[in-house]
J.: 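Below is a structure I'd like to ask you about.
Residues take their numbers from the sequence shown, with the count starting at 1. Below, each value reflects all heavy atoms present in this structure, side chains not excepted, and no hydrogens, waters or symmetry copies.
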Amino acid sequence: MNGTIHHLIEQYGLIAVFLGCVAEGESAAILGGFFAHQHIFVLWQTVLAAFLGAFAGDTFFFTLGRSFADHRYVRRLRRRPGFSRAYRLLNTHPNIFVLTNRYIYGMRLVGGIAAGLSTVPVPRFVILNAISSAVWAALFSAIGYVFGLGAERMVGQAFERHERLLIALGVGLGVAIIAWLVGHHFAGRERAKEDRAGS
């Protein structure tokens, strides 16, 4: 069983990092960095997969906003908490917003849609998004790598390699749950703030 999990991570782990980073993917990038420390992946491959996922995700949502503004899915996203704030920030500080949007949990999706609906030129968005994605991928992959180094120092050789991988999966799940709870909390606060502003 443990050997099967190890084999699946080796075969499909980088694809999972890519897909995880298409959405709100900090935990996917961190896990990728951890597995790079465990020599399952090479670190630069993890960074590349995280970069491509993050860049593709933001570009996809930008394209949705730019080309399919009247689609019901886009209209539904425009009603999500944080969209009004994202759109206001885009109109006042477009370059800073595109560079920093991915670091604000819960804003990447609505931020990409808002950028597509704004007047930010496509070439500028692509360049700024590439810079932001590269820094983000390197940062969170490095956090995972450093976490792996710290975890190895704590447990030493007490665990076999496959047991450390299972621990990493458990930690990754815990990080994802905590990130979801934090994002849900802030989304609720943003929704309440927008309701008060609208009343």
J.: So how far is it from Arg76 CZ to Phe83 CZ, rounded to the nearest 0.5 Å?
T.: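 Rounded to the nearest 0.5 Å, the CZ-CZ separation comes to 14.5 Å.
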
J.: Going by the rule side chain to side chain donor-acceptor pair (under 3.5 Å), which residues pair with Ser118 if we only count those two or more places apart in sequence or in a different chain?
T.: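 Counting only residues at least two positions away or on another chain, Ser118 forms no side chain to side chain donor-acceptor pair (under 3.5 Å).
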
J.: Between the main-chain N or O of Leu64 and the side-chain N or O of Ser67, is there a donor-acceptor pair closer than 3.5 Å?
T.: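 No; judged by distance alone, with no hydrogens or angles, the pair does not exist.
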
J.: So Val146 and His37, do their side chains get closer than 4.5 Å, heavy atoms only?
T.: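 They are not in side-chain contact.
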
J.: Let me confirm one number: the CZ-CZ distance from Phe18 to Phe51, rounded to the nearest 0.5 Å.
T.: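 Taking CZ in Phe18 and CZ in Phe51, the distance rounds to 11.0 Å.
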
J.: How far apart are the closest heavy atoms of Gly111 and Asn101, and which atoms are they?
T.: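 Heavy-atom minimum between the residues: CA-ND2, 3.6 Å.
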
J.: Tell me every residue that passes side chain to side chain donor-acceptor pair (under 3.5 Å) with Asn91, counting only those two or more places apart in sequence or in another chain.
T.: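 So Asn91 forms no side chain to side chain donor-acceptor pair (under 3.5 Å) with any residue.
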
J.: Mind running side-chain contact (heavy atoms from CB on, under 4.5 Å) on Leu31 and Val17 for me, showing each step along the way?
T.: CA-CA 8 Å; Leu31 265 179; Val17 170; 5.9 Å; no

J.: Please lay out, stage by stage, how Phe62 and Val122 fare under the test side-chain contact (heavy atoms from CB on, under 4.5 Å).
T.: CA-CA 9 Å; Phe62 176 84; Val122 174; 3.9 Å; yes

J.: Just by modelled atom types, is the Trp136 backbone N or O under 3.5 Å from a matching donor or acceptor in the Tyr103 side chain?
T.: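 At least one qualifying donor-acceptor pair exists.
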
J.: About how many Å separate CG of Leu99 and CD1 of Ile127, when rounded to the nearest 0.5 Å?
T.: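 The distance works out to 11.0 Å.
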
J.: State, without any angle test, whether Thr59 and Asn129 hold a side-chain donor-acceptor pair at a distance under 3.5 Å.
T.: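 There is such a pair (donor and acceptor under 3.5 Å, judged by atom type) between the side chains of Thr59 and Asn129.
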
J.: Return the set of residues passing side chain to side chain contact (heavy atoms under 4.5 Å, CB included) with His93 (not counting sequence neighbours), or none when no residue passes.
T.: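 Scan of His93 (side chain to side chain contact (heavy atoms under 4.5 Å, CB included), adjacent residues dropped) gives Ile96.
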
J.: Less than 4.5 Å apart, any side-chain heavy atom of Ile113 and any of Tyr87?
T.: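 Result no, sub-4.5 Å side-chain heavy-atom pair not found.
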
J.: Keeping Ser141 on the side-chain end and Ala137 on the backbone end, is there a donor-acceptor pair under 3.5 Å?
T.: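 Pair found, side chain donor or acceptor close to backbone of Ala137.
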
J.: As an exercise, state the distance from SG of Cys21 to CG of Asp58, rounded to the nearest 0.5 Å.
T.: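 Between Cys21 SG and Asp58 CG, I get 11.0 Å after rounding to 0.5 Å.
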
J.: Hey, what do you get for CG (Leu139) to CZ (Arg102), rounding to the nearest 0.5 Å?
T.: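 Leu139 atom CG to Arg102 atom CZ measures 11.5 Å (nearest 0.5 Å).
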
J.: Given the rule in the side-chain contact (heavy atoms from CB on, under 4.5 Å) test, do Ile30 and Phe34 qualify, once you have shown the distances and angles that lead to the verdict?
T.: CA-CA 6 Å; Ile30 290 170; Phe34 183 93; 5.7 Å; no

J.: Is any side-chain heavy atom of Arg124 closer than 4.5 Å to a side-chain heavy atom of Pro94?
T.: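 The answer is yes; the side chains approach within 4.5 Å.
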
J.: Donor-acceptor pairs are to be reported for all side-chain atoms of residues 40-48 against protein atoms at under 3.5 Å, with residues two or more places apart or in another chain.
T.:
residue : atom : partner : partner atom : Å
Gln45   : OE1  : Val42   : N            : 3.3
Thr46   : OG1  : Gly32   : O            : 3.4

J.: Please name all residues satisfying side chain to side chain donor-acceptor pair (under 3.5 Å) with Arg75, sequence neighbours left out, ordered by chain then number.
T.: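 If we apply the side chain to side chain donor-acceptor pair (under 3.5 Å) test to Arg75, skipping adjacent residues, there are no hits.
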
J.: Which distance, rounded to the nearest 0.5 Å, do you find between the OG of Ser133 and the CG of Leu128?
T.: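 Taking OG in Ser133 and CG in Leu128, the distance rounds to 10.5 Å.
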
J.: For Phe61, give me all partners under ring-ring contact (aromatic ring centres under 6.0 Å, His included), at least two apart in sequence or on another chain.
T.: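 By the ring-ring contact (aromatic ring centres under 6.0 Å, His included) rule, Phe61 matches no residue at all.
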
J.: Would you sort out whether Tyr12 and Ile15 count as a side-chain contact (heavy atoms from CB on, under 4.5 Å), showing the intermediate values?
T.: CA-CA 5 Å; Tyr12 304 108; Ile15 297 172; 4.2 Å; yes

